[in-house]
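Following: one structure in C-alpha cells, then a few remarks.
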Amino acid sequence: MSAAPALELQSVSKRYGAHCAVDDVSLSLPEGVCLALLGHNGAGKTTLMKLMLGLTRPSAGTVGIFGLDPLRAPLAFRRSIGFLPENVAFHDEMTGLEMLRFYARLKGEATRACDALMERVGLTHAGNRRIKTYSKGMRQRLGLAQAVLGNPRLLLLDEPTTGLDPVLRQEFFEIIQEMKGRGTAIVLSSHILTELEARTDRVAIMKEGRLAACGGLDELRRKAALPVRIRVATPGVPGDITQRLDGIDVTRINHQSVELECALPDKIAVLRTVLGLDVSDIDVQLPSLEDVYRHFGHAGEGGS
Amino acid sequence: MRTVLIIAGKEMRDGLRNRWIVGATLLLAGLAFALTFLGSAPAGAVAARPLAVTVVSLASLSIFLVPLIALLLSYDAVVGEVERGTMLLLLTYPLTRGQILFGKFLGHCGILAVAIVIGYGGAGTAAWLNGGADANGVRAFAWLLVSSALLGAVFVAIAYVVSILVRERSTAAGIAIGVWLTFVILYDLALLGALVAGGDRIAPGLFPYLLLANPADIYRLFNLSAFENVRTFSGMAGLSGTVHLAAPLLIGSLAAWSAVPLGVAALLFRRREL
C-alpha cells in the first residue's frame, strides 16, 4: 500500500493558446473518498479529467496518480484507472458484450467476468444486441461497466448520470457506493446537484478554470456563510414572532407562517427562542448543495 | 504484441461486419475472373489465357484499384475514432498510441490481403486448373499477390498520416482522393510530360529513381518487368535494358514505402493532443 494519495494536483494549469481552461488547481484525494466536481459547462471539468488521465499535458504544475505522473507512468498503471467519458461513444456495429470483452482483453482481464458485469449494470438482455440499438441510458450503463472493469483504484466519471432515469440513477449510485467501499477513489462531475448531496464526501467547485471552493459539504456551508431558513407556523398572529426575534430577518408568508433566516452558528439559539413561542410547526432548511454551488460558482459575477 | 493483435483482430472483425472484406473480395474476384476468362472475348473466344497474360492485365488494374480500396478503408482510422469519441476512451486503456496504430495497420492490411488472395487467387487457380499456366507463370502470379498486398499496405500507411494530420473526417476523405490521384495518375503524367518536354536535359540515370519515388510505379515495374515470361506480354522487354532495377530492390522499396509513412504516422500520433 503506497502512502501517496490516489490523486494529487499541484498548481495545475492548462492553456490552449490564450484561453486558460484550467488555472492553478490544487487538490488531493485519498483512497475510498468520493469527490464531486461541479461547475458550468466550460468551467474546466473535462479538461481537468483529461489531465488526470494523462491525455493532455499540463502547461504548468504536476499531476500525481498514486504518486505517479500519468504521462510517464508504465502502461500497467492504467489498469488501476477506470474512466467514463462524457457522452460515451462505442463502436455501434458491435454488440454490447463484444465491446465489453474487447475492453476486458485490453485491460488484461478475464472475459468471463463480462457476463456478470453486464448483469450488474442490468444489460444481460441486451448483451447480444448491436450498440446502435441502445438507448442513451443503456450506453451509459455499458460505459459504467467498462469503467469498473478490473476493479480500478481510481474511477473518473464525467457526467455519469445524464440520460438515466431515477431508478437507474439509484442503481448507478449503488455500484459507486460499492466501489467506494472497496477503497476506490472516485471523481465524478455532474449537473444534477440534488442527487450528489447525500453521496459525496467532498465537493470541488470549478469556475472559469479555477477551483472556487473545495472541501466537505459542511465545511463549504460554513465558508459560504449561507443562512439557515426556518419556517415557522403559528396559530396566532405572526406579528408576535417578529417582535420577539429582534435582529433576525423575518419574511411573512401568509397569515399563519413566517420564514426566518439566521446564520448557521445562531441556529440553535434561534430555534430555542422560537420553541418558546406558540408555534405549531417548524421546518429547518440547511443551505443545499445547490445554494453552495450558486454561491461559489457565481460569486464575483454580481449575484451571490 | 498481444495488445497489437487484439486491435488487429477487432479491425478484421469490423471489416467482416461492415462487409468491407466481402465487398472488396467480390470486386477483385469479379474483375480478375473477367480478365482471365473474358479477356479474349473481343477476339471471339471465351477461354482462359496464359497466366502470364492475366498477371499483366491484373497488375495494370490493381494499380488503380488497390490504392483506392486501401485509402477508402483507412482514411478515417484515427480521425474517425476521434470524431466519434471512441479514441478518447481507448487511450485511457493500458496501451500505447503506437500499439493502436500498428494494430490497426495489421488489421487493415489483413483485410486487403484476404480480399486480394481470395479475389485474385481464385481467378488464378481457375486459370491454372484450365491448363493456362507453367511454373514461371505461377511464380509471377504469386508475386503479383504479394506485391498487391504490399501496395495496399503503402496506401494504408499514407492514409494514416492523413488521418492523424486533419481535424475532420471529410477533410481526410478529400485528401485521400488527392493522394490517389497524385500517385496513380498525376505523377506519371508529370513524369511523361517532363520527359517529352525536357528531352535530353533529364539525366538518363535519374529516371529509374524518379520511378522509385512513386510506389505505384514501383509496383508496375515489378510486375511487368521482373519476370521473363511476363515481360514478353507486357511490352516491357525492351525496358530491362534501360531501367536496371532488380526485383528485390523493387520489393524492398515497396516495403520501405509502407514502413516510412507508418513510422511518420506513429510519430505524429504520439504528438497529437485530443
Side-chain angles (χ1 to χ4, degrees), chain A residues 14-16 21 46-47 49-59 65 70-71 73-95 98-99 101-109 111 130-132 139 142-143 146-147 149-150 152 154-156 158, chain B residues 1-23 73-74 76-104 106-108 111 164 167 169 266-274:
Chain A
K14 178 68 189 176
R15 276 179 290 277
Y16 294 105
T46 300
T47 308
M49 287 211 180
K50 283 187 181 176
L51 287 165
M52 294 171 187
L53 287 160
L55 290 174
T56 44
R57 202 171 290 276
S59 311
I65 309 287
L71 281 160
L75 278 181
F77 139 94
R78 291 202 212 148
R79 281 207 191 102
S80 51
I81 299 178
F83 175 51
L84 172 59
E86 185 182 7
N87 298 322
V88 63
F90 298 105
H91 296 273
D92 282 353
E93 295 299 324
M94 296 174 89
T95 69
E98 276 175 339
M99 192 81 241
R101 285 192 179 137
F102 169 69
Y103 285 124
R105 274 195 289 271
L106 282 181
K107 262 197 178 172
E109 293 295 319
T111 48
R130 291 189 179 200
I131 296 174
K132 67 176 167 195
R139 282 164 202 259
L142 186 59
Q146 66 77 28
L149 265 174
L154 174 64
L155 202 50
L156 301 173
D158 200 355
Chain B
M1 198 60 209
R2 212 183 81 91
T3 310
V4 171
L5 290 179
I6 294 171
I7 301 282
K10 185 191 156 291
E11 290 298 332
M12 290 278 287
R13 266 196 302 279
D14 282 353
L16 272 179
R17 225 187 312 258
N18 57 27
R19 313 270 193 280
W20 255 106
I21 293 187
V22 176
L73 181 67
S74 44
D76 73 340
V78 174
V79 74
E81 286 221 33
V82 170
E83 227 175 71
R84 278 196 301 274
T86 47
M87 187 61 84
L88 184 72
L89 186 56
L90 191 59
L91 287 178
T92 66
Y93 273 75
L95 76 173
T96 63
R97 295 184 179 203
Q99 284 173 324
I100 295 177
L101 206 63
F102 194 55
K104 279 178 174 286
L106 282 188
H108 283 146
I111 292 174
I164 291 163
R167 289 274 150 203
R169 230 173 131 249
L267 275 179
L268 291 172
F269 191 28
R270 200 180 301 166
R271 287 205 196 140
R272 177 170 171 158
E273 287 215 349
L274 285 172

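Below, read A as the first sequence line, B as the second, and so on, with proteins coming before strands; counting in each chain starts at 1. Keep in mind that what you see is a predicted model, and the values were worked out from it rather than measured.
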Less than 4.5 Å apart, side chain to side chain, heavy atoms only: is that true for B:Leu89 and A:Val88?
yes
Let me know if A:Leu149 has heavy atoms under 4.5 Å from chain B in its side chain, its backbone, both or neither.
side chain
Mind checking the CG-CG spacing from B:Leu91 to A:Leu53? Nearest 0.5 Å is all I need.
10.0 Å
Heavy-atom distance under 4.5 Å between the side chains of A:Glu98 and B:Arg17, does that happen here?
yes
B:Thr92 OG1 to A:Lys50 NZ distance, which is reported to the nearest 0.5 Å:
12.0 Å
Counting C-beta onward and ignoring hydrogens, is there a side-chain heavy-atom pair between A:Leu75 and B:Gln99 closer than 4.5 Å?
yes
One option among B:Glu81, B:Lys10, B:Arg2, B:Arg84 has the most heavy-atom pairs under 4.5 Å with chain A, and it is B:Lys10
Quick one: does B:Ile6's side chain get under 4.5 Å of A:Tyr103's, heavy atoms only?
no
Measuring heavy-atom distances to chain A, does B:Arg272 have an atom under 4.5 Å in its side chain, in its backbone, in both, or in neither?
neither
Within the structure provided, determine whether B:Thr86 and A:His91 are in side-chain contact (heavy-atom separation under 4.5 Å).
yes
Heavy-atom distances under 4.5 Å only: say whether A:Arg130 touches chain B with side chain, backbone, both or neither.
side chain
For A:Leu106 and B:Pro94, the nearest pair of non-hydrogen atoms, with its separation, is O-CG, 3.7 Å
